[in-house]
Trainee: 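I have a structure I would like to understand better, so I am pasting it below and will then ask my questions one at a time.
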Amino acid sequence: MDFTLSIIYLIASITFVIGLKMLGHPETARRGNLVAAAGMTLAILGTIFLFDGEVSTKVYALIGIAIVIGTIIGWMVAKKVAMTKMPELVSMFNGMGGASAALIGLIEFPHYTGHPLQISVILAGMIIGSISFAGSIIAWSKLNGTMRKPIRLPKYNILNNVIILAIIAYAVYFVYSGSDNYLLVFAIFGAALLYGILFVIPIGGADMPVVISLLNSFTGLAAAFGGFLYDNMVMLTGGILVGSAGTILTFAMCKAMNRPLSNVIFGAFGGESATGESGSTTGGSIKKTNPSDTAILMNYANKVIIVPGYGLAVAQAQHVIHELEELLVSRGVEVKYAIHPVAGRMPGHMNVLLAESNVDYDRLSEMEDINPEFANTDVVLVVGANDVVNPAAHNDPSSPIYGMPILDVENAKTIIINKRSMKPGYAGIENELFFNQKTSMLFGDAKDALTKVLSELKNM
Amino acid sequence: MDFTLSIIYLIASITFVIGLKMLGHPETARRGNLVAAAGMTLAILGTIFLFDGEVSTKVYALIGIAIVIGTIIGWMVAKKVAMTKMPELVSMFNGMGGASAALIGLIEFPHYTGHPLQISVILAGMIIGSISFAGSIIAWSKLNGTMRKPIRLPKYNILNNVIILAIIAYAVYFVYSGSDNYLLVFAIFGAALLYGILFVIPIGGADMPVVISLLNSFTGLAAAFGGFLYDNMVMLTGGILVGSAGTILTFAMCKAMNRPLSNVIFGAFGGESATGESGSTTGGSIKKTNPSDTAILMNYANKVIIVPGYGLAVAQAQHVIHELEELLVSRGVEVKYAIHPVAGRMPGHMNVLLAESNVDYDRLSEMEDINPEFANTDVVLVVGANDVVNPAAHNDPSSPIYGMPILDVENAKTIIINKRSMKPGYAGIENELFFNQKTSMLFGDAKDALTKVLSELKNM
Amino acid sequence: MKLGILKETSDGEKRVAITPTIVKKLIDDGYECIVENGAGFESQFKDEFYETAGASIKNKATIFKEADVLLKINAFDPDEIKNLKKGQIIICQMYHRSNPECMQSLAEKGISAFSLDAIPRITRAQDMDVLSSQNNLAGYKAVIVGAYETTKIFPLMMTAAGTITPSRVLIYGVGVAGLQAIATAKRLGAIVEATDIRPETKEQTESLGGKFIYVEPDEGETSEGGYAKEASEDYKRRQKEAVDASLFKADLVITTAMVPGRKAPLLITEEQVEKMKNGAVIIDLAAMQGGNCELSEPNKTIIKHGVKIIGTTMSPLSVSTNASDLFGKNVYNFLTHLSDKDGFKWDLEEEITDETLIIQDGTIRKQ
Amino acid sequence: MKLGILKETSDGEKRVAITPTIVKKLIDDGYECIVENGAGFESQFKDEFYETAGASIKNKATIFKEADVLLKINAFDPDEIKNLKKGQIIICQMYHRSNPECMQSLAEKGISAFSLDAIPRITRAQDMDVLSSQNNLAGYKAVIVGAYETTKIFPLMMTAAGTITPSRVLIYGVGVAGLQAIATAKRLGAIVEATDIRPETKEQTESLGGKFIYVEPDEGETSEGGYAKEASEDYKRRQKEAVDASLFKADLVITTAMVPGRKAPLLITEEQVEKMKNGAVIIDLAAMQGGNCELSEPNKTIIKHGVKIIGTTMSPLSVSTNASDLFGKNVYNFLTHLSDKDGFKWDLEEEITDETLIIQDGTIRKQ
Amino acid sequence: MQELLSFITENLQMIYIVILMIFVGVEVIGHVPAVLHTPLMSGANAIHGVVIIGAILVMLHAEPDNILALSLGFVAVVFGTLNVVGGFVVTDRMLEMFKKKK
Amino acid sequence: MQELLSFITENLQMIYIVILMIFVGVEVIGHVPAVLHTPLMSGANAIHGVVIIGAILVMLHAEPDNILALSLGFVAVVFGTLNVVGGFVVTDRMLEMFKKKK
Ligand SMILES: NC(=O)c1ccc[n+]([C@@H]2O[C@H](COP(=O)([O-])OP(=O)(O)OC[C@H]3O[C@@H](n4cnc5c(N)ncnc54)[C@H](OP(=O)(O)O)[C@@H]3O)[C@@H](O)[C@H]2O)c1
Ligand SMILES: NC(=O)c1ccc[n+]([C@@H]2O[C@H](COP(=O)([O-])OP(=O)(O)OC[C@H]3O[C@@H](n4cnc5c(N)ncnc54)[C@H](OP(=O)(O)O)[C@@H]3O)[C@@H](O)[C@H]2O)c1
Ligand SMILES: NC(=O)c1ccc[n+]([C@@H]2O[C@H](COP(=O)([O-])OP(=O)(O)OC[C@H]3O[C@@H](n4cnc5c(N)ncnc54)[C@H](O)[C@@H]3O)[C@@H](O)[C@H]2O)c1
Ligand SMILES: NC(=O)c1ccc[n+]([C@@H]2O[C@H](COP(=O)([O-])OP(=O)(O)OC[C@H]3O[C@@H](n4cnc5c(N)ncnc54)[C@H](O)[C@@H]3O)[C@@H](O)[C@H]2O)c1
């Protein structure tokens, strides 16, 4: 292989590693992405322009056109897409990568019949690529809303296992037999696509990110097989890197959701749905969040309002919340406490509590003063409060708290609610705020949860 | 190369990586060491028993004897050495590794004359090995007390640079000339030894751990060159691993000491000594510690006593210390506060402070009750107290505090003192406790420092 | 509508029903206000303050003559009732269930009367709830009085001259007053224990750093509309057993236990007082309702068996400035809920009006 | 050696110099103790308690006759001095510099006298320092008295009936009493500000959560042996400027500023009081030494310009149990430092003995 | 079996590379805050777009008249480019929220 | 120069391995608590004792009558063994303090 190209590939591999590393820290993430992109550009240009063999201009032109088309579409779509649609786009792009890998296998197959090793590599790449492609497309359409309900055929688990085993057995036979039957390859290709579809279809929309991450690492693997085939180091290393990092990421995501991976994938077959967890009776669906996301949101906010309630007192979390507030202030965030007149269980309960941890009196705002401020607040952190932020007081004349003035946290950009469960507060009524689009629930004892948020914040 | 051996080497390489990784976490560290040791044993046995060529029993016997001798000595010394002497032993072992690498070069040289690449690899391994060997021995003798004072020749910096440049130039010339003059090799060997000595000699004893870590990564590099030479993957990977990990570790150690590496190595030439920093006038030397060591010490202690003083109040660190105490208690550590009757600036100052953060009254002990307990206490954490733990009250009749009862923290196994500087307290007098063998100083504002300790603790 | 704000007549009462700040708000809302001279003096509100706020200062007789609505904190005394005119409306705390004769004479005058203590304990009415706002201050002040009266200090102190052990405070009844008492005593550094018949108060006590003495509750509901029900004999026995150890060690005991419409439960007998510490203090906030302590007498301080027993509900009176502030705000919220500047709404379907309107145009609606 | 413990005679004094616990320790050390009957009554120490501890209860005359050493808190009054016998030793707070006649009459009796207020402020003597131990309690109680007397509550409270703003407490003089006052007021939730002539008190104030009002100090040393020196006229002017804004907003003012051996500095003039809030309270702990407030009178409560001015040093007296505890411990430490069961050491080289022994066998050593 | 053995022996260094890369991948992700999970996934997704190099190679190697290979290759390159370009751009957009003050 | 180029091209995989190993080394150390610095150094020290394999190979390769090589090799093996055995044992002893309860 050409020396310069080798070095270029080496550099590209290194940028991938470094880029990925940088992606793992909020401050460097953006630059990391650029680093990896630069390495990728270098590798692509090198591959095209430093190619050793004879290539007709026609082919060059085709390649050029393909790249231009891909670039324009990719760029436009990525730039235009709404923030909320990004995950599905990632899924789509992932599918493209898988398809690309599968196609390579399909094309290369005839050239290598008879070399069992190469054939196995080709088949592996093709199968994995196809699964990833088909799975991603399903994931995309689920996130997209095209396919709404998880579809469950009977005996799912068994069916799926049978298919994948069949594919593997068939591939092994194929390699050993040394067959060069192109049609059979297409059959395998088709079976893999089918498996991809069946794999994702029963999984609920809320678990899609995990699935995408898994398929992402599949595609990495497929790319690595390509690297094996061509003895191309950058494909190999890049693919393996994504394969391993993607796998770890998948586990990390499951952990953040507090569920084992098997539960995400196979749990689906058990008929249990992700939204079924919310434990709510109104049937609306809630979003859960975790300390680390909470920390990031607050760290990058301009204005945070904390709404303490009885739960803060029960958890005796006044010291932690004060520390949190101080840290945020030291990072340049504007922080206030919104004190509802009947928060807690006695008049002035919140005041006693916060005075104990030396919260500055000037940071406490009365309800009337703070209510207009929620509209320009980035994050509201509701800690162990419930009735005092319940919009039923405005909306529901039949509610026992109807007519009570409340803190209008609904107007803020993001609402994070920390409590232990979906149980109601003093008034014993449901709170529709928990089901608000803008609301995320941070479940857990206030002291525990805030301590975790605090330590995440410190690590930023 | 033999297949089985390759796999064995592969496994060994992996154990090294995993072992090192495990060594980085307190809970897994010990097992990590064993994992790496197991891999090493495997690699050594494999090398001997799976060797392809014809070997006379005599040579086998010699190898056996050498290994037995090395094992017995190494084992005995390592088992017998006192805790405090361990760092110097590590230095010594490191030197042995360096010597071994250097010797390999010395022996192999004649076989490879004329292969410029091999010769450069051999020379590099030999030079680096020699420097590491000589440097380690000096480091050992410094820690050992044999060589006490840093020795400084005039124009040190220049002299050293000249020597190392000369060695490199000479080696390059050697490779290019294709010379096979064995004597010249010995000359380079000698020069490298000299450089190793000169390199370490001016550095003060307190900085030796950093130097050893640096030499450690040197030896790793030398081993890796050996790996190149023999195309031996386990040597290569093991050596590179230690080389890179050792370098990072060196920087980490410097960072923990709050000094740049250049300051450790070249600062020596500037005539500045490590103990000169203490800023004390009594000339005794103090030990500094850091939040992470403090956290580990307390985490693994059975009993910790906290001695609060006026500084705790100034820093308003009462909430943090309480959190620290709670965390330790939850980890099964027995924690008490020792309250000196005149700690702070008003009667009951510490009580007010600690009550504010809800410290349980039962955890507070009066001086008379707690004094006998220090003897079976693992760690005493003195936070912003000074006069109330000053042994001058017992020992120095001329002291203004002579005759005042104090907290006998001296009797504890380890004493950690947190304050911002070496400045005296209310009584305006020096405190010899700071210079006690058992004492480490944790400098910094109490709130800052304890917050750091706390977050280290949480990560354990 | 013309509102007349009267000076309180009961002994020791220092509060006033409406403060200058509230007068200003009422006038902004279009009401007229006339204030009896000296009404706010004891709560540090001078007559000038009222005048600045827009009220006119008049003497009692004039007010009774001119006002459409008469505002007071405590029930009207016979002298005052005599001066009422048909069609006038009065608002005050009447405790109508315990004062049937007074209701009778009011009805005879052909007036309408709203009682503030009858405001239902519903969420919507929280900002009119004078019992909560005043009991809250009572809880705070009871601790201050206790700290003032005992010969010990509250916090633990380890000093050169030896260690002072913290005082032990025991609180019976963890309602509004009890909770604030827990908070305040805790703030001052005492060891605080509390007990109540309603089991949910355990968590509430702990949320303020107090220790709860748990007594297994009677079977069935222990509370009703937020208030406690009466305890069984068996409960009382078990309560004594559980609390006695703490009682005999306590330096300060504050009792706040009440059951609406009944005599306050008897929680501390003379026999128990005898075993208490020499120098201990009992503050009985339920003294007016019969007292939680056998020996307590309303508005009196007694020393018996070495224990000082203070029977009072007067605690909020001594923080008259704040107490009047809150009371005034409650009344304001109540008033603007029931009426506007042109008159009352008389919406008898509405729960708050219905519950508080005791006498309507000379007819007694509630007994 | 026989120690006689006398009942205090001054008005309002509730403490006792030695408590039963200390009696026990003294007896264990080999001393003999006789206690005047009723001596501890007001501090909640009954005569039985002393007897249980090993003392015998006697009447005053007997004690004066039998005891080798006579112990009291306050200076001996003329009646008592009459009863002293040559060779007896007395220990109490004599304030010898302000009472030369009293010293004279004591000297004439040919006795020896130790004054507890003369104990030097050295580290070694901290556990005998009665001024520190009593001022500490005074600081605490001053805040409690303040909270008792004002018509407002201390903490901020946001309630359904509106928000109560926190009280503002201003403290002059951040010595032992001042610091404890800051701590206590802060605990109760007030906004606390303080000022002092010694600049090092800034950090101390802040270490308790208080806000310090900094006044640029005079050139040169501001303190001597831990005590403040007298302030210059210029300083006083600057101090007023800096503090006035806070003073006129304060709900409670506690003054503790003193300069040993001199009249207490005048910090609040009548003119300033006039501008203070209606209903504010001033507690002048320096009233006995001339007062920090122009209007204050020792042991009197005055209301002027709407401000209640309480002149007292009596604050520790009202926490007599603890005050006696600490005082007794101080005296015990002092006594065992100077003597053993067989008699005094009379080591005049030793600083504490030297400074406190005012009269030796009828000769006045210190003026 | 023998084939496999010899494969392993021949490609030993490749295997080292794969294993080490796995370690690197695992370590690099280490403790990433959860809020970065999505951008990280997206970034990794862009990186595996490196498969485009394979697609390019296919085309470069293809006979100019092998229509099937060329057209499939063409599609593969378009897909690959989509993966790469779209991947990096969308990641960048996701990460926009992290710019701002420290 | 040409030699170097060809060396690099020939040993490309080796270079990948070296670079990846460096990454692994760096990442593995990452954020190690300071108190583990010394044991970690000691453990790493034991690992580079892998140089003993070189020393063994030297002896294995040596002619049975090449006294110089054999004796130097002998010394090298002894040294290497010391490094390995001593290193692991002393590390283990250092780490004893970390055993105990969680
Ligand atoms: N202020 C007064 O004077 C007074 C007096 C009496 C009644 N009230 C009434 O009390 C209510 C006060 O409203 P609020 O919003 O403060 O309280 P709330 O409505 O009672 O809600 C408190 C919430 O805190 C959560 N919580 C409890 N312990 C927790 C812990 N350890 N960690 C995290 N969360 C915890 C609970 O949910 P989980 O169980 O799911 O964690 C609960 O939903 C009002 O309805 C008011 O009318 C007030
Ligand atoms: N309790 C009383 O009633 C009373 C009254 C008056 C005087 N005193 C005297 O005060 C002394 C009390 O002893 P002590 O040991 O409590 O205090 P200390 O001897 O005054 O020592 C306090 C130490 O805290 C350190 N410090 C200050 N601010 C700090 C911060 N923000 N973070 C960390 N450290 C900080 C200071 O060292 P750095 O500056 O280096 O940080 C100082 O050496 C005794 O001498 C006693 O006699 C007591
Ligand atoms: N939801 C609302 O709008 C609202 C408003 C104000 C108060 N409240 C609630 O109402 C409850 C009662 O308040 P309150 O202070 O006016 O009550 P209260 O004054 O009637 O009684 C005081 C306390 O004494 C207790 N008690 C009665 N008998 C007892 C006995 N035998 N032994 C021990 N304790 C006994 C009661 O349980 C109560 O906690 C409070 O918990 C408060 O939270 C609710
Ligand atoms: N080292 C020891 O053993 C020891 C023992 C007890 C007290 N002390 C120290 O001695 C100091 C004095 O204690 P104290 O309370 O007995 O003093 P004090 O009672 O004599 O005076 C009270 C305070 O008033 C202040 N003051 C005087 N003139 C003032 C003015 N014009 N304006 C404002 N403030 C003025 C003083 O600075 C002092 O802080 C304290 O700081 C204490 O820490 C030391």
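Letters A, B, ... mirror the listed sequences (proteins, then strands); counts begin at 1. Note: hydrogens, waters and symmetry copies are ignored here, and every other heavy atom, side chains too, is used. For clarity, every value in this text was computed on a predicted model and none was experimentally measured.
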Trainee: Look at atom NZ of D:Lys202 and say whether more than 12 heavy atoms of other residues, nucleotides or ligands are closer to it than 6.0 Å.
Mentor: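 Counting neighbours around NZ of D:Lys202, 12 or fewer heavy atoms of other residues, nucleotides or ligands fall under 6.0 Å, so no.
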
Trainee: Give me the contact list for residues 379-410 of chain A versus chain D, heavy atoms only, anything under 4.5 Å, ordered by residue number.
Mentor: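 Listed by number: none.
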
Trainee: Mind ranking D:Arg187, D:Met158, D:Met157 by heavy-atom pairs under 4.5 Å with chain A and telling me who comes out on top?
Mentor: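 Among D:Arg187, D:Met158, D:Met157, the one with the most close pairs to chain A is D:Met158.
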
Trainee: Between D:Pro155, D:Ala161, D:Pro166, D:Gly162, which residue shows the highest count of heavy-atom pairs closer than 4.5 Å to chain A?
Mentor: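 Sorted descending by pairs with chain A, the first entry is D:Pro166.
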
Trainee: Search all heavy atoms of A:Gly348 against all heavy atoms of D:Thr159 and return the closest pair with its distance.
Mentor: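 In terms of heavy atoms, the two residues are closest at N-CG2, 4.0 Å.
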
Trainee: Sort by residue number and list every member of residues 355-369 of chain A having a non-hydrogen atom under 4.5 Å from chain D.
Mentor: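 Only A:Asn358, A:Tyr361, A:Leu364, A:Ser365, A:Glu366 of residues 355-369 of chain A have a heavy atom under 4.5 Å from chain D.
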
